[in-house]
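Because the structure is a prediction, the values reported are computed rather than measured.
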Amino acid sequence: MQKLTVELGERSYPIFIGRQLFGSSRCLQSLEGCKQVLIVSNSVVAPLYAGKIKNCLAELASPPEQIEFAVLPDGEKHKNLATLNQIFDQLLENRFDRKAQIIALGGGVIGDMAGFAAACYQRGINFVQVPTTLLSQVDSSVGGKTGVNHKLGKNMIGAFYQPQAVIIDTSTLETLPDREIAAGIAEIIKYGLIYDAEFFQWLENNLTKLIEKDAESLAYAIRRSCEIKARVVAEDEKESGLRAILNLGHTYGHAIENQLGYGEWLHGEAVAAGMVMACDLSVELGWLGKDILERAQTLIAAANLPTRPPTSMTAEQFVTAMSVDKKVSGGKLRLVLLKGCGNAVVTSDFDHALFKSRLAAFTQS
Ligand code: NAD
Ligand code: GLY
């Protein structure tokens, strides 16, 4: 088992990464002595792993007296306030107090919702992230962004709220469908593009192994992604600057998710197409070499991810949906763009006519 730390002063927490971690209670030490635990999961993940987590809890030196489950419906389309309420129902019906803890067991949808519930319940209770998708293991479980979607905008209702620990059992990826592995690879490619050109090259050389779920390659990619994310979050927890680089391709991607209806394209798929669009604009602005755009496109396509937005979307739809973005400030759209592989900038200082003409080039209009 490897251990990284997200350095946030008194809110610092460990990320444990390993195989078969659910076989031992060692990584659940932050729950030691906790009397009430709610395991939040969904109808796909709970039957696979909730029993293992329950057994781990039972092995703690002083195990919880009460373990309850909130098993939510599966999917991005359920990431909303109505579903969130099901978690509060469980907490209240079972008389959970302020010392209770939540375990978020699932992908990014469950992690974001359970984390937001933890942030709100009685003004904040502790929680632990147990991510079970590649995307959540390399990105969403780390850094404390929690929340739900609104029909007008993705992740628009939420809170920064850090977990007590992140427990990444990479053996859970064995049951994950290939399309979800690819979606996770999109966020891994993001780290190479925004922060680490050497890692990007490693991905070019090892993509096939990742797709084939080679355990050693996945473990390396997960660890390197978490290291980068932990470093960025430690520097800028609440996204007053640097952290926004983690959103390369996301403003385009969120527009796709919102426009198609949440869940139609996976988050990672929308981000993949969005990253190509952001690289393309960077090239047109003269900030990025065309070779990097071509390498990014090749890598994304080889990962079985889209390199273009859905054919049904118009430039106008992008402009409207992108105006509802958390990076919009003073009415100005800000984008994450590249000034070289491994070097991202967050800026509104780009030619907006060019931005629109590149949108037109990628869409029907
Ligand atoms: P997801 O949570 O919907 O999981 C994908 C699918 O895999 C679901 O059907 C799920 O039930 C299933 N699943 C999960 N684990 C499994 C396993 N081990 N075996 C078999 N099936 C399994 O999607 P995701 O890609 O994990 O997360 C996407 C969400 O994360 C989006 O809502 C996105 O906005 C959010 N996100 C948040 C952050 C953040 O910083 N908080 C960062 C990136 C993405
Ligand atoms: N996924 C973007 C962030 O955590 O900031």
Side-chain angles (χ1 to χ4, degrees), residues 2-17 27 30 40 79 102-120 124-149 154-170 183-196 199 221-251 253-254 267-268 271 275 325-327 336 344 346:
Q2 302 189 49
K3 184 182 167 198
L4 305 173
T5 304
V6 184
E7 303 283 0
L8 287 169
E10 58 183 15
R11 280 173 292 100
S12 297
Y13 55 92
I15 304 171
F16 298 109
I17 307 172
C27 55
S30 69
V40 177
K79 186 180 170 185
I102 288 178
I103 296 179
L105 174 67
V109 169
I110 287 297
D112 282 12
M113 281 201 291
F116 190 37
C120 300
I125 62 173
N126 288 347
F127 85 112
V128 170
Q129 287 274 17
V130 185
T132 61
T133 62
L134 183 57
L135 186 140
S136 56
Q137 295 182 353
V138 298
D139 193 346
S140 62
S141 63
V142 175
K145 275 191 183 175
T146 72
V148 294
N149 300 329
K154 171 104 176 123
N155 293 334
M156 278 312 225
I157 301 162
F160 285 102
Y161 195 69
Q162 301 295 341
Q164 267 52 56
V166 180
I167 299 159
I168 300 176
D169 186 334
T170 55
I185 291 175
E187 298 280 16
I188 297 175
I189 293 172
K190 172 189 80 179
Y191 292 113
L193 285 171
I194 61 167
Y195 200 89
D196 185 347
F199 184 44
I222 292 167
R223 200 196 71 212
R224 184 67 193 130
S225 301
C226 286
E227 273 170 2
I228 295 171
K229 180 137 190 196
R231 207 173 289 171
V232 171
V233 168
E235 233 179 273
D236 177 22
E237 182 188 8
K238 297 203 172 158
E239 203 167 302
S240 39
L242 176 74
R243 183 168 179 165
I245 66 169
L246 296 171
N247 285 319
L248 176 71
H250 283 56
T251 308
H254 287 169
H267 175 71
V271 165
M275 288 194 296
D325 183 85
K326 291 186 289 307
K327 284 184 297 303
V336 186
V346 186

Would you confirm whether T146, through its side chain, and A159, through its main-chain N or O, come within 3.5 Å as a donor-acceptor pair?
yes
Measure the shortest side-chain to side-chain distance between P14 and V166 over non-hydrogen atoms and say whether it is less than 4.5 angstrom.
no
Checking T133 now: which residues fulfil side-chain contact (heavy atoms from CB on, under 4.5 Å) with it, not counting sequence neighbours?
L135, S136, L176
For the pair Q162 (side chain) and G144 (backbone), establish whether a donor and an acceptor sit closer than 3.5 Å, ignoring hydrogens and angles.
yes
So, taking the atom named NE2 in H250 and the one named CG in N155, what distance separates them when rounded to the nearest 0.5 Å?
9.0 Å
Picking from V232, I189, L248, what satisfies side chain to side chain contact (heavy atoms under 4.5 Å, CB included) with I194?
L248
Going by heavy atoms in the side chains, are V271 and E187 under 4.5 Å from each other?
yes
side-chain contact (heavy atoms from CB on, under 4.5 Å) filter on N126, not counting sequence neighbours, yields Q101, Q164
Of all heavy-atom pairs between A165 and S30, which one has the smallest distance, and what is that distance?
CB-OG, 4.2 Å
Separation of I102 CD1 from I110 CD1 (nearest 0.5 Å):
11.0 Å
Less than 4.5 Å apart, any side-chain heavy atom of D169 and any of V130?
no
When rounded to the nearest 0.5 angstrom, what distance separates CZ in F199 from OG in S225?
4.0 Å
Considering residues at least two apart in sequence or located in another chain, which fulfil the salt bridge (Lys or Arg N to Asp or Glu O under 4.0 Å) criterion with R243?
none
For A230, the side-chain contact (heavy atoms from CB on, under 4.5 Å) test, sequence neighbours excluded, returns V6
Verdict with reasoning, E7 to R231, per salt bridge (Lys or Arg N to Asp or Glu O under 4.0 Å):
CA-CA 8 Å; E7 303 283 0; R231 207 173 289 171; over 6 Å; no
Taking all non-hydrogen atoms of both residues into account, name the closest pair between Y195 and I245 and its distance.
CD1-CD1, 4.3 Å
Tell me whether K229 contacts the main-chain N or O of D139 through its side chain, where contact means a donor paired with an acceptor under 3.5 Å.
yes
Could you walk me through whether D196 and Y191 pass the side chain to side chain contact (heavy atoms under 4.5 Å, CB included) check?
CA-CA 7 Å; D196 185 347; Y191 292 113; over 6 Å; no
For the residue pair Y161 and F127, does the interplanar ring angle fall in the parallel (under 30°), tilted (30 to 60°) or perpendicular (over 60°) class?
parallel
Sequence neighbours excluded, which residues qualify as side-chain contact (heavy atoms from CB on, under 4.5 Å) partners of E235?
L242
Quick check for you: to the nearest 0.5 Å, what is the distance between T132 atom OG1 and I168 atom CD1?
11.0 Å
So do L246 and K190 actually touch side chain to side chain, heavy atoms under 4.5 Å?
yes
Do I103 and V40 have side chains that approach each other closer than 4.5 Å (heavy atoms only, starting at C-beta)?
no
Let me see the working for V138 and C226 under side chain to side chain contact (heavy atoms under 4.5 Å, CB included), right down to the final yes or no.
CA-CA 6 Å; V138 298; C226 286; 5.6 Å; no
Is a side-chain donor or acceptor of E237 paired with a backbone partner of L8 at a separation under 3.5 angstrom?
no
Which pairs with one or both residues in residues 105-116 pass salt bridge (Lys or Arg N to Asp or Glu O under 4.0 Å), sequence neighbours excluded?
K79-D112
Side chain to side chain contact (heavy atoms under 4.5 Å, CB included), that's the test. Do E227 and L4 meet it? Break it down for me.
CA-CA 7 Å; E227 273 170 2; L4 305 173; 3.9 Å; yes
Heavy-atom closest pair, residues G241 and D236
N-OD2, 2.8 Å
State, with a plain yes or no, whether a side-chain heavy atom of T251 is found less than 4.5 Å away from one of V336.
no
Charged N to carboxylate O below 4.0 Å: is that the case for E239 and K145?
yes
Could you tell me whether the side chain of L134 reaches within less than 4.5 Å of the side chain of I185, counting heavy atoms only?
yes
